[in-house]
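Side chains included, hydrogens not; waters and symmetry mates left out as well; all remaining heavy atoms used. These figures come from a predicted structure and were not determined experimentally.
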Amino acid sequence: MSIERISLLGVPVDICSPENLENEILELLARPGTKQIVFLSIWNLLKARHKGDYADCIKNADLILPISKSILGGAKFLKLNVPVRYNPFDAVIQILSILDSHFKSLYLFGSSEKTLSKAEHNIRDTFTNLRILGRYIGYYPKTVEDDIVQAIFKAQPSLVLISDGIKEKNCWAYRRRNRFSSSIFLYYKDAFGIFSERIKRVKEKTFNKGHEIFVEILHNPFKIFLLLPYLWYVLVLVWYRLFKKK
């Protein structure tokens, strides 16, 4: 197997090195049914510890890639095998490059018309062998949802890339998984914003240090309150280290 799945505070996390990602993507494409790749942040991990659709979505995901440095630190603290951390946009680029090299297909879902249109144009220019089979904007009225699902089902794209404007985020694909036949679904909120050059990427140096949260706080000062769940994460790690049976 190219990946290993560990359990961190009861939440699954995959260990997948970048050099094994292509093989994993091709294996997912070969499987029938709806597949899902999830980018797991520390906040997602804490949310997934509770019961509900979100926890079920994470537990049933086919590939769970950690994006928070704190997840790696938590695994190391609990003496688990330490996963590889992914920069989500770099991972999207790598996945699209894999699909492009194998002449696969893509469906774009989310954002505003202007953002989506420019993102599609830039993706077409960059990944010339990747067939874009369709797109639909986010923030859509509920009345058109069946049409969107049918369009994706009929197109059967290799990957459905989901961005901002989709209220249910990762759960959108999970809750409708029985209505699709063969696609991989991947949600990344900033994907089309970055592709359209509307949003700036977090600097690589900032990401590597695990300081991307400070950039988010600059844009939204209320995110300072994320310090509270982070402290809870640390306390739970300590509790697991001291008292939880292996």
| task | Not counting sequence neighbours, list each pair that qualifies as a salt bridge (charged side-chain N to carboxylate O under 4.0 Å, His left out) and has a residue in residues 32-51. | result | none
| message | Counting C-beta onward and ignoring hydrogens, is there a side-chain heavy-atom pair between Leu21 and Tyr86 closer than 4.5 Å? | response | yes
| Within residues 23-34 or reaching into it, pairs that qualify as side chain to side chain donor-acceptor pair (under 3.5 Å) - sequence neighbours excluded | Ser2-Glu24, Asn23-Glu27, Arg31-Asp62
| request: Answer whether the closest heavy-atom distance between the side chains of Tyr140 and Ile148 falls below 4.5 Å. | output: yes
| task | Using modelled atom types only, decide if a donor and an acceptor are shared between the side chain of Asn20 and the backbone of Cys16 within a distance under 3.5 Å. | result | no
| Quick one: ring pair (Phe, Tyr, Trp, His ring centres under 6.0 Å) partners of Phe195, sequence neighbours excluded? | Phe89
| request: For the residue pair Ile123 and Ile132, establish whether any side-chain heavy-atom pair is separated by less than 4.5 Å. | output: yes
| task | Kindly compute the distance separating CG (Asp14) from CZ (Arg5), expressed to the nearest 0.5 Å. | result | 4.0 Å
| task | Measure from the side-chain N and O atoms of Gln36 to the backbone N and O of Asn170, and report whether any donor-acceptor pair falls under 3.5 Å. | result | yes
| said: On a heavy-atom basis, which atom in Arg85 and which in Ser68 lie closest, and how many Å separate them? | reply: NE-C, 3.6 Å
| Residue pair Leu237 / Leu8, side-chain heavy-atom distance below 4.5 Å | yes
| said: Leu96 vs Leu130, test: side chain to side chain contact (heavy atoms under 4.5 Å, CB included). Steps then yes/no. | reply: CA-CA 8 Å; Leu96 292 182; Leu130 185 62; 4.0 Å; yes
| Heavy-atom closest pair, residues Pro18 and Gln94 | O-NE2, 2.9 Å
| said: If you count every heavy atom of other residues, nucleotides or ligands that lies below 6.0 Å from Trp232 atom CH2, does the total exceed 12? | reply: no
| Residues forming a side chain to side chain contact (heavy atoms under 4.5 Å, CB included) with Thr115, sequence neighbours excluded | Ser111, Ser112, Phe192, Ser196, Arg198
| task | Determine the minimum heavy-atom distance between Leu78 and Tyr240, stating which atoms define it. | result | CD2-CB, 3.9 Å
| message | To the closest 0.5 Å, what do you measure between NZ (Lys69) and CG (Leu72)? | response | 9.0 Å
| said: Per the ring-ring contact (aromatic ring centres under 6.0 Å, His included) rule, what does the pair list look like for residues 44-81, sequence neighbours excluded? | reply: none
| note | The salt bridge (Lys or Arg N to Asp or Glu O under 4.0 Å) partners of Asp100 (sequence neighbours excluded) come to none
| query | Could you state the interatomic distance from CD1 (Ile137) to OG (Ser163), rounded to the nearest 0.5 Å? | reply | 13.0 Å
| message | I want to check something: taking the side chain as every heavy atom from C-beta on, are Val234 and Tyr230 in contact at a cut-off of under 4.5 Å? | response | yes
| request: Using side chain to side chain contact (heavy atoms under 4.5 Å, CB included) as the criterion, list what pairs up with Ala55, not counting sequence neighbours. | output: none
| request: Return the orientation label for the Phe109 and Tyr107 ring planes: parallel under 30°, perpendicular over 60°, tilted otherwise. | output: perpendicular
| field | Check: Lys114 main-chain N/O paired with Ser117 side-chain donor or acceptor under 3.5 Å | value | no
| query | Do Phe103 and Leu108 belong together in a cluster built from hydrophobic side chains that touch within less than 4.5 Å? | reply | no
| query | Quick one: CG on Leu161 to OH on Tyr188, what's the gap to the nearest 0.5 Å? | reply | 10.5 Å
| Going by heavy atoms in the side chains, are Trp172 and Tyr187 under 4.5 Å from each other? | no
| task | Apply side chain to side chain contact (heavy atoms under 4.5 Å, CB included) to Leu133 and Ile152, showing your working. | result | CA-CA 9 Å; Leu133 300 182; Ile152 296 172; over 6 Å; no
| message | Val92 and side-chain contact (heavy atoms from CB on, under 4.5 Å): which single residue from Ile37, Ile194, Leu186 fits? | response | Leu186
| query | When hydrophobic residues are tied together by side-chain contacts of less than 4.5 Å, even through go-betweens, does Leu9 share a cluster with Phe243? | reply | yes
| query | Counting only N and O atoms by type, is there a donor-acceptor contact under 3.5 Å from the side chain of Ser182 to the main-chain atoms of Gly33? | reply | no
| said: Between Lys189 and Asp164 (salt bridge meaning N to carboxylate O under 4.0 Å), is one present in this structure? | reply: no
| field | From Arg177 atom CZ to Arg175 atom CZ, the distance as rounded to the nearest 0.5 Å | value | 10.5 Å
| said: Applying side chain to side chain contact (heavy atoms under 4.5 Å, CB included) to Asn87 and Glu204, what does each step give before you reach the verdict? | reply: CA-CA 9 Å; Asn87 180 316; Glu204 188 174 351; 5.7 Å; no
| task | Any pair with a residue in residues 139-150 that passes salt bridge (charged side-chain N to carboxylate O under 4.0 Å, His left out), sequence neighbours left out, goes on the list, sorted by first then second residue, please. | result | Lys142-Glu145, Glu145-Arg176, Asp146-Arg179
| request: List for me each residue that meets side chain to side chain donor-acceptor pair (under 3.5 Å) alongside Asn81, sequence neighbours excluded, and say none if there are none. | output: Glu4
| request: Just jot down the side chain to side chain contact (heavy atoms under 4.5 Å, CB included) partners of His121, sequence neighbours excluded, or say none. | output: Asp125
| query | Is a side-chain donor or acceptor of Ser97 paired with a backbone partner of Ile93 at a separation under 3.5 angstrom? | reply | yes
| said: Are Tyr174 and Ile58 packed together at the side-chain level, in the sense that at least one heavy-atom pair is separated by less than 4.5 angstrom? | reply: no
| field | Exercise: identify the closest heavy-atom pair between Ile6 and Pro83 | value | CD1-CG, 3.9 Å
| query | Where does the angle between the aromatic ring planes of Phe180 and Phe185 fall among parallel (under 30°), tilted (30 to 60°) and perpendicular (over 60°)? | reply | tilted
| request: For Leu45 and Val11, work out which heavy atoms get closest and say how close. | output: O-CG2, 3.5 Å
| request: Would you give the length of the straight line joining atom CG of Leu28 to atom CD1 of Ile184, rounded to the nearest 0.5 angstrom? | output: 4.5 Å
| task | Could you tell me whether a side-chain N or O of Ser105 sits under 3.5 Å from a main-chain N or O of Arg131, the two making a donor and an acceptor? | result | no
| Out of curiosity, does Leu116 fall in the hydrophobic cluster containing Tyr139 (side-chain heavy atoms, cut-off under 4.5 Å, transitive links)? | no
| Smallest separation among heavy atoms of Ser158 and Leu99, with atom names | CB-CD2, 4.2 Å
| message | Test your reading of the model: is there a side-chain donor-acceptor pair from Ser41 to the backbone of Asn44, 3.5 Å cut-off? | response | yes
| query | In chain order, what residues pass the ring pair (Phe, Tyr, Trp, His ring centres under 6.0 Å) check against Phe153, with sequence neighbours excluded? | reply | none
| task | Sequence neighbours left out, what passes ring pair (Phe, Tyr, Trp, His ring centres under 6.0 Å) with Tyr136? Give chain and number order. | result | none
| query | Do Val84 and Leu65 have side chains that get closer than 4.5 Å, going by heavy atoms? | reply | no
| request: Could you check Arg201 against Asp90 for salt bridge (Lys or Arg N to Asp or Glu O under 4.0 Å), going step by step and ending with a plain yes or no? | output: CA-CA 10 Å; Arg201 294 181 58 185; Asp90 288 348; 2.3 Å; yes
